[in-house]
Number of protein chains: 2
Amino acid sequence: MVTRHKAYIGIDLGGTSLLVAVVGPEGEILGEVKRKTKPELGAASVIERMVQAVHKAIARSGLKYRAIGGVGVGVPGPVQPKEGLVVHCPNLGPSWNHLALEKRLSKHLQLPVTIDNDVNVGAVGEHTYGAGRGSEHMLAIFVGTGIGGGLIVDGKLYTGARYSAGEVGHMPLMAGGPVCSCGRQGHAEALASRSAMEREIRAALDGGRSSIVPDLMARQKRSDMSSAILGDAYDARDSVTVEVVEKAQYYLGLLVAACVNLLDPQIVVIGGGVLERMGDAYLEPVRNVAIEHYINSEQADQVRVVRASLGDYSGALGAAVLARQRLA
Amino acid sequence: MVTRHKAYIGIDLGGTSLLVAVVGPEGEILGEVKRKTKPELGAASVIERMVQAVHKAIARSGLKYRAIGGVGVGVPGPVQPKEGLVVHCPNLGPSWNHLALEKRLSKHLQLPVTIDNDVNVGAVGEHTYGAGRGSEHMLAIFVGTGIGGGLIVDGKLYTGARYSAGEVGHMPLMAGGPVCSCGRQGHAEALASRSAMEREIRAALDGGRSSIVPDLMARQKRSDMSSAILGDAYDARDSVTVEVVEKAQYYLGLLVAACVNLLDPQIVVIGGGVLERMGDAYLEPVRNVAIEHYINSEQADQVRVVRASLGDYSGALGAAVLARQRLA
């Protein structure tokens, strides 16, 4: 009974920054610390930075160390949660390959630790405390540089037979279409991600069309097109950007329809950098394309397609939820 | 304890014929009757024919009526199993719209009845007694005039929030592609079903190409291209048919990949008229395309893509399994 009242720590480990939250039994954030990940320093240093951040977050929460039940970590890459192993993290570097993160962190923190994939913890966060609250069957899609997804089936995270369910970014939507980050053609990620939009805008520029995007990039001293830049160009009705965004929305709608026709969830929660910047308005055309393709006409009224509501906190909150479920 | 040893009756109700099987506790078929459905006579007559077939099958099994625990029916269209209602059956006619089949059959037979969709019962049959035996997460895809699917999650039939999960035939695979039976473009059914192949062969013939298919149709006095005709033309290496079959195999491979990347099952069981006729060889190219698109490279070795093993019996056996699960 005591563990039920304990707080759990959720860590959202990203390529740029890491967020540590001390989370109470009702999902309340009792203390938090955000800091740069600095992956160039290697895994040992990043783990050290995570440990320091956890100590600081606990101090900020005002809780005693013994009031903490355990730690959950969302990792940006495939993991083997039962073994506590990171498989690899493209954004963090090769020192993370086959890393025994659970054991390493647990030793440093003297607390039980569980790890999972960042998209899975985000889905769990949105299901437990966010836009998917109360649903039995939910799909989360996160749209950023890539496209990831997480599934909730019968109220629980569903991970498949090899812990690799939810790879919505790699569902083929356009046979023979553009090349995906994974090397295959026509996957959702190659059609509806931020990178897909960037590729299309560059192609338009190479084709001689004019756009304010290069100016925005120069002003912000960036060599890539962030979600913020795409959002600014879209808001300014830059014609190339508007066309490209509308295409991406169309393909995201097809992806939602493919998943709904296969899984028939109550709700599809869509989050990630692109959605954070573009807001609810981004979803309207996505929803319309999806509805157009639903095979069961009742789904048009009944499947909710909504924006994630926890923003940057879905990962840390979801990691804390998994820690509570697995370690209590 | 007594009900566990009872036999259950499974009925596979198709547009052309209906199959009734008396099924023992280990899946043994103790008696069976196959007869024409004659949907043109209307629902009342078809129900009458089902009742007669059940009586005959029980007689053939040598069992006493009281040894029968109940009846399961697989219906060719969407159903509401909890209410025992058929929503509609395009192949059986309008007299089946919103039909209280469970109640009607139960009254005639004086036995408890449960109904489900034909594809779902086929998936349950293959999972319990066929190619998917022993798997925890399974996907069944049936390729015929259309393409249907059934999902097994955590060892049980998964039906989603509105009882319409598994509509693999209506997953978009080719944005802007050919028009599907449902009216939308680019769905799997419009690319990989028998009807899709028929459409492509007709287009080639209209374009002036020569093929043995019209001859085969004339000889068999058919106005459509059955799986048997497609199979004969393929075996004869008719060049139009070979091209069209290879395209359909490619799209079926993409469909398998889309489902595997989303669901990560242990096994994908593929059945239906086209597979029955074309045999295991049909699956080799399907498997290769799918593997090419799996995002988790382990899946290439570990996801089994196999042919359904129960043939015409998957539906009746699955219906009996559902009857045992729901009515015992």
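A note on names: the letters A, B, ... follow the listed sequences, proteins ahead of strands, and every chain is numbered from 1. Please read these numbers as outputs of a predicted model, since none were measured by experiment.
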Requested in this report: Check each atom of A/Q185 against the heavy atoms of chain B and say whether the ones under 4.5 Å are side chain, backbone, both or neither.
Outcome: backbone
Query raised in the report: With only heavy atoms counted, which part of B/V87 is less than 4.5 Å from chain A, the side chain, the backbone, both or neither?
Result: neither
Query raised in the report: Any side-chain heavy atom of A/V79 sitting closer than 4.5 Å to one from A/V73?
Result: no
Report summary line: chain B shares the most heavy-atom pairs under 4.5 Å, among A/G176, A/P78, A/A258, A/S164, with A/S164
Requested in this report: Under 4.5 Å heavy-atom distance to chain B, tell me which part of A/Y250 shows up: side chain, backbone, both or neither.
Outcome: side chain
**Report entry** Engaged part of B/L151 at the chain A interface, taking heavy atoms whose separation is under 4.5 Å
**Finding:** side chain
Query raised in the report: So do the side chains of B/I141 and B/V256 get within less than 4.5 Å of each other, counting heavy atoms only?
Result: yes
Query raised in the report: Relative to chain A, which of B/V153, B/L263, B/V303, B/L255 shows the most heavy atom pairs under 4.5 Å?
Result: B/L263
Query raised in the report: B/E243 and B/E246: side chain to side chain contact (heavy atoms under 4.5 Å, CB included), yes or no, with the steps?
Result: CA-CA 5 Å; B/E243 274 171 40; B/E246 286 175 355; 5.6 Å; no
Query raised in the report: Is there side-chain contact between A/V289 and A/Q249, with at least one heavy-atom pair below 4.5 Å?
Result: no
Query - Heavy-atom pair count under 4.5 Å with chain B, highest-scoring of A/A175, A/C182, A/G183, A/A188 - result: A/A175
Requested in this report: Report yes if the side chains of B/I147 and B/L191 come closer than 4.5 Å at any heavy-atom pair, otherwise no.
Outcome: no
Query - Pairwise side-chain contact, B/E198 with B/R202, heavy-atom cut-off 4.5 Å (strictly under) - result: yes
**Report entry** Heavy-atom donor-acceptor pair, B/T159 side chain to B/A165 backbone, under 3.5 Å
**Finding:** no
Query - Choice from B/Q266, B/R162, B/R184, B/M171 maximising heavy atom contacts with chain A below 4.5 Å - result: B/R162
Query raised in the report: Can you tell which of A/G169, A/P265, A/G149, A/A161 has the highest number of heavy-atom pairs within less than 4.5 Å of chain B?
Result: A/A161
Query raised in the report: Measuring heavy-atom distances to chain A, does B/C180 have an atom under 4.5 Å in its side chain, in its backbone, in both, or in neither?
Result: neither
Query raised in the report: Stepwise, does the side chain to side chain contact (heavy atoms under 4.5 Å, CB included) test hold for B/L283 with B/L275?
Result: CA-CA 8 Å; B/L283 281 188; B/L275 269 286; 3.8 Å; yes
Requested in this report: Could you look at B/Y158 and say if it's the side chain, the backbone, both or neither that has a heavy atom under 4.5 Å from chain A?
Outcome: side chain
Requested in this report: Check whether any side-chain N or O of A/N261 sits under 3.5 Å from a backbone N or O of B/E167 as a donor-acceptor pair, and report yes or no.
Outcome: no
Query raised in the report: Is the closest side-chain donor-acceptor distance between A/Y163 and A/D116 under 3.5 Å?
Result: yes
Query raised in the report: Among B/E292, B/H293, B/M174, which has the most heavy-atom pairs under 4.5 Å with chain A?
Result: B/H293
Query - Interface residues of residues 119-137 of chain A facing chain B - heavy atom cut-off under 4.5 Å - result: A/H137
Query raised in the report: Does the A/D118 side chain pair with the main chain of A/G14, one donor and one acceptor, at a distance under 3.5 Å?
Result: no
Report task. For the residue pair B/H170 and B/H187, categorise the inter-ring angle as parallel (less than 30°), tilted (30 to 60°) or perpendicular (more than 60°). Result -> perpendicular
